[in-house]
Trainee: 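For reference, the structure I am asking about is given below.
Nothing fancy with the numbering, it's 1 onward along the sequence.
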Amino acid sequence: MNKSNAKGFTLIEVIVAIAVVALLAGIITPSVVKHIGDSKRARAQNDALVIGAASASFFKDVGIWPTKSAPAAFNLILVVGDGNTPTAAGAAANWGLAPAAANADLLAYHLISNQPKNAVANAYPIVGEISWRGPYQNNLPADPWGNRYAVNVGNFA
(Lines give C-alpha, C1' and ligand atoms only; values in the text may rest on other atoms or scores of the structure.)
Protein backbone atom coordinates (compact mmCIF):
# COMPACT_ATOMS: atom_id res chain seq x y z
CA MET A 1 0.00 0.00 0.00
CA ASN A 2 1.33 3.38 -1.01
CA LYS A 3 1.43 6.12 1.68
CA SER A 4 -0.02 8.71 -0.67
CA ASN A 5 -3.24 6.67 -1.04
CA ALA A 6 -3.85 6.40 2.76
CA LYS A 7 -7.07 8.06 3.94
CA GLY A 8 -7.76 9.62 7.36
CA PHE A 9 -6.28 12.19 9.70
CA THR A 10 -2.89 12.23 11.27
CA LEU A 11 -2.49 12.44 15.02
CA ILE A 12 -1.16 16.01 14.69
CA GLU A 13 -4.25 17.10 12.73
CA VAL A 14 -6.59 15.62 15.36
CA ILE A 15 -4.67 17.30 18.22
CA VAL A 16 -4.74 20.67 16.45
CA ALA A 17 -8.51 20.38 15.84
CA ILE A 18 -9.16 19.49 19.50
CA ALA A 19 -6.96 22.40 20.64
CA VAL A 20 -8.88 24.86 18.45
CA VAL A 21 -12.24 23.62 19.77
CA ALA A 22 -10.99 23.79 23.38
CA LEU A 23 -9.65 27.32 22.84
CA LEU A 24 -12.97 28.50 21.39
CA ALA A 25 -14.90 26.85 24.25
CA GLY A 26 -12.60 28.54 26.78
CA ILE A 27 -13.23 31.93 25.20
CA ILE A 28 -17.01 31.55 24.85
CA THR A 29 -17.90 29.83 28.16
CA PRO A 30 -17.32 32.79 30.55
CA SER A 31 -19.42 35.05 28.33
CA VAL A 32 -22.30 32.55 28.23
CA VAL A 33 -22.15 31.96 32.00
CA LYS A 34 -22.23 35.72 32.65
CA HIS A 35 -25.30 36.11 30.43
CA ILE A 36 -27.07 33.24 32.21
CA GLY A 37 -26.46 34.95 35.57
CA ASP A 38 -27.65 38.29 34.18
CA SER A 39 -30.81 36.70 32.80
CA LYS A 40 -31.57 35.05 36.16
CA ARG A 41 -31.20 38.39 37.95
CA ALA A 42 -33.39 40.11 35.33
CA ARG A 43 -36.09 37.44 35.70
CA ALA A 44 -35.99 37.76 39.50
CA GLN A 45 -36.38 41.54 39.23
CA ASN A 46 -39.31 41.10 36.84
CA ASP A 47 -40.94 38.53 39.13
CA ALA A 48 -40.59 40.95 42.06
CA LEU A 49 -42.31 43.68 40.04
CA VAL A 50 -45.15 41.33 39.09
CA ILE A 51 -45.63 40.20 42.71
CA GLY A 52 -45.57 43.84 43.83
CA ALA A 53 -48.13 44.85 41.20
CA ALA A 54 -50.42 41.97 42.16
CA SER A 55 -50.14 42.93 45.84
CA ALA A 56 -50.87 46.58 44.99
CA SER A 57 -53.97 45.54 43.02
CA PHE A 58 -55.05 43.46 46.01
CA PHE A 59 -54.59 46.51 48.27
CA LYS A 60 -56.54 48.72 45.86
CA ASP A 61 -59.49 46.30 45.87
CA VAL A 62 -59.53 45.08 49.47
CA GLY A 63 -58.21 48.17 51.24
CA ILE A 64 -55.60 46.28 53.28
CA TRP A 65 -52.39 44.46 52.49
CA PRO A 66 -52.71 40.65 52.37
CA THR A 67 -52.29 40.11 56.14
CA LYS A 68 -55.62 38.56 57.14
CA SER A 69 -54.08 35.75 59.23
CA ALA A 70 -51.30 37.79 60.84
CA PRO A 71 -51.38 38.48 64.57
CA ALA A 72 -51.45 42.23 65.20
CA ALA A 73 -48.03 42.20 66.89
CA PHE A 74 -46.20 40.60 63.96
CA ASN A 75 -45.15 41.37 60.46
CA LEU A 76 -46.40 38.69 58.12
CA ILE A 77 -43.86 36.97 55.94
CA LEU A 78 -45.53 35.57 52.87
CA VAL A 79 -43.57 32.98 50.97
CA VAL A 80 -44.18 32.87 47.27
CA GLY A 81 -43.77 30.11 44.72
CA ASP A 82 -43.19 26.39 44.48
CA GLY A 83 -39.49 26.33 45.32
CA ASN A 84 -37.55 25.79 48.52
CA THR A 85 -38.44 27.95 51.49
CA PRO A 86 -35.83 30.67 52.11
CA THR A 87 -33.45 29.90 54.92
CA ALA A 88 -34.32 31.03 58.40
CA ALA A 89 -30.92 32.70 58.73
CA GLY A 90 -31.57 35.01 55.79
CA ALA A 91 -35.04 35.91 56.99
CA ALA A 92 -33.87 36.45 60.55
CA ALA A 93 -31.09 38.75 59.38
CA ASN A 94 -33.52 40.84 57.32
CA TRP A 95 -36.73 40.77 59.35
CA GLY A 96 -35.97 39.22 62.72
CA LEU A 97 -37.99 36.04 62.19
CA ALA A 98 -38.11 32.99 59.99
CA PRO A 99 -40.62 32.19 57.22
CA ALA A 100 -41.25 28.84 58.90
CA ALA A 101 -42.56 30.66 61.98
CA ALA A 102 -46.22 30.65 62.95
CA ASN A 103 -46.78 34.00 61.26
CA ALA A 104 -45.72 32.83 57.79
CA ASP A 105 -48.25 32.20 55.06
CA LEU A 106 -48.34 31.56 51.32
CA LEU A 107 -49.06 34.62 49.21
CA ALA A 108 -50.99 32.37 46.81
CA TYR A 109 -53.63 31.93 49.52
CA HIS A 110 -54.22 35.70 49.43
CA LEU A 111 -53.74 36.56 45.75
CA ILE A 112 -55.01 33.43 43.99
CA SER A 113 -57.50 31.58 46.20
CA ASN A 114 -58.76 34.06 48.85
CA GLN A 115 -58.13 31.53 51.59
CA PRO A 116 -55.35 32.66 53.94
CA LYS A 117 -53.81 30.18 56.36
CA ASN A 118 -56.12 29.21 59.24
CA ALA A 119 -59.09 30.91 57.57
CA VAL A 120 -62.28 29.73 55.94
CA ALA A 121 -62.87 30.09 52.21
CA ASN A 122 -63.38 33.66 51.02
CA ALA A 123 -61.73 35.20 54.07
CA TYR A 124 -61.75 38.57 52.34
CA PRO A 125 -65.16 39.96 51.35
CA ILE A 126 -66.16 39.09 47.79
CA VAL A 127 -69.04 41.50 47.36
CA GLY A 128 -69.29 45.23 47.81
CA GLU A 129 -67.19 48.21 46.85
CA ILE A 130 -64.24 47.04 48.96
CA SER A 131 -63.86 43.37 48.06
CA TRP A 132 -61.50 40.69 46.81
CA ARG A 133 -61.64 40.67 42.99
CA GLY A 134 -58.92 38.14 42.31
CA PRO A 135 -57.20 36.08 41.37
CA TYR A 136 -54.54 38.75 41.10
CA GLN A 137 -51.96 36.41 39.63
CA ASN A 138 -52.19 33.11 37.73
CA ASN A 139 -49.23 31.46 39.37
CA LEU A 140 -46.42 32.33 41.71
CA PRO A 141 -43.26 30.63 40.42
CA ALA A 142 -40.07 29.88 42.28
CA ASP A 143 -37.16 32.23 41.70
CA PRO A 144 -34.56 31.35 39.03
CA TRP A 145 -32.43 29.58 41.65
CA GLY A 146 -35.28 27.30 42.79
CA ASN A 147 -36.21 29.15 45.99
CA ARG A 148 -39.45 30.80 47.02
CA TYR A 149 -39.63 34.55 47.13
CA ALA A 150 -40.27 35.96 50.61
CA VAL A 151 -42.42 39.06 50.98
CA ASN A 152 -42.44 41.07 54.20
CA VAL A 153 -45.92 42.52 54.49
CA GLY A 154 -46.01 44.56 57.68
CA ASN A 155 -49.07 45.68 59.58
CA PHE A 156 -48.69 49.28 58.54
CA ALA A 157 -51.44 51.03 60.43
Trainee: Is the shortest heavy-atom distance from the side chain of Ile130 to the side chain of Pro125 under 4.5 Å?
Mentor: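 No, side chains not in contact.
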Trainee: Count the heavy atoms of every other residue, nucleotide or ligand shown that sit under 6.0 Å from CD of Glu129, and state whether that count exceeds 12.
Mentor: no
Trainee: Taking atom NZ of Lys60 and atom OG of Ser55, what is their separation to the nearest 0.5 Å?
Mentor: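 Interatomic distance, Lys60 NZ to Ser55 OG, rounded to 0.5 Å: 13.5 Å.
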Trainee: Kindly compute the distance separating CG (Asp143) from NZ (Lys40), expressed to the nearest 0.5 Å.
Mentor: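 Separation between the atoms: 9.0 Å.
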Trainee: Is it the case that the side chain of Ser31 and the backbone of Ile28 share a donor-acceptor pair, with hydrogens and angles ignored and the cut-off at 3.5 Å?
Mentor: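 Such a contact is absent between Ser31 side chain and Ile28 backbone.
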Trainee: Hey, could you give me the CD1/OG1 distance between Ile15 and Thr10, rounded to the nearest 0.5 Å?
Mentor: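 If I round to the nearest 0.5 Å, the distance is 8.5 Å.
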Trainee: Other hydrophobic cluster members with Val21, side-chain heavy atoms of Ile/Leu/Val/Met/Phe/Trp/Tyr under 4.5 Å, chained?
Mentor: none
Trainee: Crowded around Asn138 CG? As in, over 12 foreign heavy atoms under 6.0 Å?
Mentor: no
Trainee: If we only count heavy atoms from C-beta on, is the Val62 to Tyr136 side-chain gap below 4.5 Å?
Mentor: yes
Trainee: Donor-acceptor check, side chain of Thr29 to backbone of Gly26, threshold 3.5 angstrom: yes or no?
Mentor: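 Not at all, since once roles are kept as given, no pair shorter than 3.5 Å links the two residues.
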Trainee: Can you tell me how far the CG atom of Asp61 sits from the CZ atom of Arg133, to the nearest 0.5 Å?
Mentor: 5.0 Å
Trainee: State whether the side chain of Trp132 and the backbone N or O of His110 hold a donor-acceptor pair below 3.5 Å, judged by distance alone.
Mentor: yes
Trainee: Check whether any side-chain heavy atom of Leu23 sits under 4.5 Å from a side-chain heavy atom of Ile27, and report yes or no.
Mentor: yes
Trainee: For a 4.5 angstrom cut-off between non-hydrogen side-chain atoms, does Asp38 reach Arg41?
Mentor: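 Yes, close enough: below the 4.5 Å cut-off.
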